[in-house]
Number of protein chains: 2
Amino acid sequence: MPKPTQKQTIYDIAQQIGTSPSTVSAALNGTWKARRIKAETAERIIALAGQMGYSVNLQARGLRTARSGLVGLILPEHNNRFFSDLSQSFTLEARARGQIPVIIATQRDPKAEMQTVQDLLAYSIDALFVAGAAGPQQISAFCQAAELPHVFIDQPCPGASSVITDNEDGARRLTRAIIETLQPAIAPPRDRIYLIGGDGRLHVSSRRIAGFRAEIEAHFGQCDDAQVIACGYAPEMALASIRALYDQLGGLPAGIFANSINVFEALLRFLVELPEAELQSVSMGCFDYDPYGELLRVPVHMIRQRHRQLVRTAYELMDQPPEHPELVTVKPELYPAPARAARVPAQ
Amino acid sequence: MPKPTQKQTIYDIAQQIGTSPSTVSAALNGTWKARRIKAETAERIIALAGQMGYSVNLQARGLRTARSGLVGLILPEHNNRFFSDLSQSFTLEARARGQIPVIIATQRDPKAEMQTVQDLLAYSIDALFVAGAAGPQQISAFCQAAELPHVFIDQPCPGASSVITDNEDGARRLTRAIIETLQPAIAPPRDRIYLIGGDGRLHVSSRRIAGFRAEIEAHFGQCDDAQVIACGYAPEMALASIRALYDQLGGLPAGIFANSINVFEALLRFLVELPEAELQSVSMGCFDYDPYGELLRVPVHMIRQRHRQLVRTAYELMDQPPEHPELVTVKPELYPAPARAARVPAQ
DNA sequence: GGGGCTTGTGCAATCGATTGTGCAATCAGC
DNA sequence: GCTGATTGCACAATCGATTGCACAAGCCCC
């Protein structure tokens, strides 16, 4: 039980033992062998330090070594399943390496992002990970100028190493799952699968859309442009889109591919008002994961990004920086919906 | 656009301007008036610093001032709605004060908690907030010894200031809401409301249970001990409990009070397998919030802790430490279930 | 017994800021 | 023109560690 009554320094310890501060320093930070300190001396120092409740002043060390043991992670928000999963994995990974994770949410505000990067740099953080920033290029340019190692996660940034989910692969698998659970005998015009949400101009969305189209074409020979409703990520837009689609088709389509959890939530807001029987006729998939998805009365396939793997890979890119910036992809995980058979039918 | 080509120091600036480092320091950290630096000199320095892309070395400043601008928040995990809400609020509050929030998840592991506290202390953090720690007393003792200001959030710790949700009040309001949406004409033994989950030995649970009982007694004259099933927070236990209750009663009870989101999830796992009609007969409440709660086919009342308020209050306790440790409560928010009338009945 | 090697440790500079104190130069007042 | 206050700034110590280098003592070997 350490009792750090008052700040202890290596000078205090040195005095107690009757040795010099440099010897104490070496003994405590593990370089004593290299400095040829006698094992017994080192042990005595370490023992005393322990019972005095000494702990290094990391600011002093950091000042001298120009490092800090802090690693940063910038993300848009905390209260989001994916980002909190990412925070979790990042924390575990950083702690395992003896680093202190500093996770900062910047609300997708480029100004806040830059301010944060600068602040973190002022603390001499050792590395920076960036997930879902609004202004990636600016961040990357800044880090490069400051020679701060950095890697983007879940977001490709030109000129910097990035590790992202294989969105195309995920979209294909999700689409396939939706196809496999299509209810038989649904008449036109309700017999098709629609992708809702996302923004075709963004890298992430475009890959997902490509995957969706590819899989639809592979199974049905073609994919009508109308089947891709990239209305953005705003819930209101998604809600409006599904409503319009419902009216246009005279009911729900045979399948729905929700392009993100927000979109899915919006859809759900609409679906939950419908009679159960109607619900049961649709085959759904969501490109994102939430445990509640498994607890709905509608079966939903979900794609979950491998957050742990993303973080690990990002760290690897950091540890052994490639010659040129690299874009690494990680395949996501499919959480297939519980089989319909297991559910008690309505009524 | 700052371009920090290479690390700049106040010495570099001093040389460029032809002044001393101390003057530069004063000009840049705002103490120049107190040090009677000419306004023009200060401006010149500030301008040059800006165009050189200078930024203070916070480790150096921290070493000198024995502060750091870092504030810690310890919590059990990131991927939990409440804690991520808390992280969010904490980040905003800290950033607004010009501090860097350092949020660390310690998995409810007392060892990891202590290790983290020590690490943070080694960085000379200015303050520590603790939410949901497994070993609060140990943490508090350590902080006291190190004279580190600290406040507990959502968890009372003897001997330290704490700000927690008014669990009794929340439980009463939640219970009242459940009572108000009870379906008419449910025959015994299924006509009662049950609280499921939690641990009566914990402060938080005991207050909730007290609130539940009080409100039940106020409405029904008495509360049977059997109506409180404090089976812990483990999902498996909750699942087993609801199953046993279902078997015992020959159906669902009239009302269910889920004592936490985990418990609620477990219940849902059971409920989702039941026919819709049965579901519609139960009035539910959950002491925790998740947006998905609003999207279920079962109406659910939810209690949400005011995370923003908790953080603000905690900061106030930190800013103006009371003579003796104080326990402040914050009333939570009730998210009533959408009215049943708005829902299309099954079939 | 002298030269060279190894062993164990101390000295002092250094990282980049902050801050108490000292001291010219200027100014005001008589 | 002299005194005392004010203005504007520089000096140097300091925070607590790390680290290059020097150096004494002991040892080996011829």
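So you know, we letter chains A, B, ... as the sequences are listed, proteins then strands, and number each from 1.
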>> Need the bend value for the helix from C:dG1-D:dC30 to C:dC30-D:dG1: angle between end axes, 5 pairs each end, nearest 10°.
In response: 50°
> Reckon B:Thr9 touches a base, only the sugar-phosphate, or nothing at all at heavy-atom distances under 4.0 Å?
Replying inline: sugar-phosphate
> Counting side-chain heavy atoms from C-beta on, which of D:dT19, C:dA17, D:dG16 comes nearest to A:Tyr11?
Replying inline: D:dG16
> Within the pair B:Ser25 and C:dT18, is there a side-chain N or O less than 4.0 Å away from OP1 or OP2?
Replying inline: yes
>> C:dT9, OP1 or OP2 - any side-chain N/O from A:Thr23 closer than 4.0 Å?
In response: no
> What is the distance, rounded to the nearest whole Å, between atom CD1 of B:Ile10 and atom P of C:dT18?
Replying inline: 6 Å
>> Under a 3.5 Å distance rule, please check whether B:Glu326 uses its side chain to pair with a backbone N or O of B:Ser161 as donor and acceptor.
In response: no
>> So that I can tick it off, tell me whether B:Asp119 and A:Arg95 are bridged by a salt bridge, with the cut-off set at under 4.0 angstrom between side-chain N and carboxylate O.
In response: yes
> For residues 55-63 of chain A, which residues have at least one heavy atom under 4.0 Å from DNA chain C?
Replying inline: A:Leu63
> In residues 28-37 of chain B, what residues come within less than 4.0 Å of DNA chain C, judged by heavy atoms?
Replying inline: B:Asn29, B:Arg35
> Does B:Ser22 put a side-chain nitrogen or oxygen below 4.0 Å from OP1 or OP2 of D:dC9?
Replying inline: no
>> Whether B:Asp12 and B:Lys7 form a salt bridge (side-chain N of Lys/Arg under 4.0 Å from carboxylate O of Asp/Glu) is what I want to check.
In response: no
> Under 4.0 Å: is that the gap between some side-chain N or O of A:Tyr54 and OP1 or OP2 of D:dA17?
Replying inline: yes
>> Check for me whether the distance between the ring centres of B:Phe129 and B:Tyr315 falls short of 6.0 Å.
In response: yes
